[in-house]
Number of protein chains: 2
Amino acid sequence: MRNRVREARLARGLSQADLAEALGVSRQTVISIERGRYLPSLPLAFRIARFFGSTVDAMFDMDESKRSS
Amino acid sequence: MRNRVREARLARGLSQADLAEALGVSRQTVISIERGRYLPSLPLAFRIARFFGSTVDAMFDMDESKRSS
DNA sequence: CCGTGATGTCAAGCGACCTTGACCTTCGTC
DNA sequence: GACGAAGGTCAAGGTCGCTTGACATCACGG
């Protein structure tokens, strides 16, 4: 599962702290999502996608081959 | 936050148990999501959307006006 | 009347998401 | 060298997603 949060953030010239505040989450959460420590919840995924003017499906691509089953 | 899981399931003539098995989750999980008890995780949201040949954004619409904050 | 399929509730437990707070390193600048 | 901004780690704690298992209801066919 890859996500384009980091590149979208850098494209806007924002720091992790800036993005965290804009999304209403902690800086830890932004770090953890960017680094793939865990996946955002569905509501947070929507806020991220909308903040960057994108869609959940475009921001996070689920790789079918990586199903943990 | 509304979702179209129930109507998509009924449109295919599937029971909750059928859908649960197809998604690899428990029947409780399907019931809880359909009834709005809680939101699916991001991976499960993707599996649901793909199972029904749709997108996460189309299956679950986040209502901006219903932000809990 | 009895059984079965479909939907639903409740409860206990586990792990993932998210928080706060303390601390570290690197880089640029004064 | 001292400072601040940015990215990162670690730990403890709370809430939510998901599980299993037991049980209740309603409609239906035998």
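Letters A, B, ... are given to chains in the order of the sequence lines, protein chains preceding strands, and every chain is numbered from 1.
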> Which pair of non-hydrogen atoms, one from Ala8(B) and one from Met59(B), has the smallest distance, and what is that distance?
Replying inline: CB-CE, 4.4 Å

> If we only count heavy atoms from C-beta on, is the Val56(B) to Leu42(A) side-chain gap below 4.5 Å?
Replying inline: yes

> Tell me, for nucleotides 8-21 of chain D in 5' to 3' order, what letter each nucleotide earns: B for a base near a protein heavy atom under 4.0 Å, S for only sugar-phosphate near one, - for neither?
Replying inline: BBB------SBBBB

> Roughly how far apart are Asp57(B) CG and Asp57(A) CG, rounded to 0.5 Å?
Replying inline: 5.0 Å

> With Ser32(A), which residues qualify under side-chain contact (heavy atoms from CB on, under 4.5 Å), at least two apart?
Replying inline: Gln28(A), Arg37(A), Tyr38(A)

Between protein and nucleic acid, restricted to nucleotides 27-30 of chain D and to nitrogen or oxygen atoms under 3.5 Å apart, what atom pairs and distances do you find?
none

> Below 4.5 Å, heavy atoms only, C-beta onward: do Asn3(B) and Ile48(B) meet side chain to side chain?
Replying inline: no

> What's the spacing between Glu21(A) CD and Leu19(A) CG if we round to 0.5 Å?
Replying inline: 10.5 Å

> What pair of heavy atoms forms the shortest contact from Phe60(A) to Phe46(B), and how long is it?
Replying inline: O-CZ, 2.9 Å

> Checking Arg9(A) side chain against Glu34(A) main chain: does a donor-acceptor pair fall under 3.5 Å?
Replying inline: no

> Could you give the start and end, 5' to 3', of the contact zone on DNA chain C for chain B, using atoms under 4.0 Å from its heavy atoms?
Replying inline: dT7(C) to dC10(C)

> Can you find a pair of side-chain heavy atoms, one from Ile33(B) and one from Leu44(B), that are under 4.5 Å apart?
Replying inline: yes

> How many angstroms lie between OG in Ser41(A) and CZ in Arg47(A), if you round to the nearest 0.5 Å?
Replying inline: 6.5 Å

> How far apart are the C-alpha atoms of Val5(B) and Phe51(B), what are their side-chain angles, what is the distance that settles it, and do they pass the side-chain contact (heavy atoms from CB on, under 4.5 Å) test?
Replying inline: CA-CA 10 Å; Val5(B) 177; Phe51(B) 179 76; over 6 Å; no

>> So if I take the C1' atoms of five pairs at each end of the helix from dC1(C)-dG30(D) to dC30(C)-dG1(D) and get each local axis, what angle do the two axes make, rounded to 10 degrees?
In response: 20°

> For Ile31(A), which residues count as a side-chain contact (heavy atoms from CB on, under 4.5 Å) partner, sequence neighbours excluded?
Replying inline: Gln16(A), Arg27(A), Arg35(A)

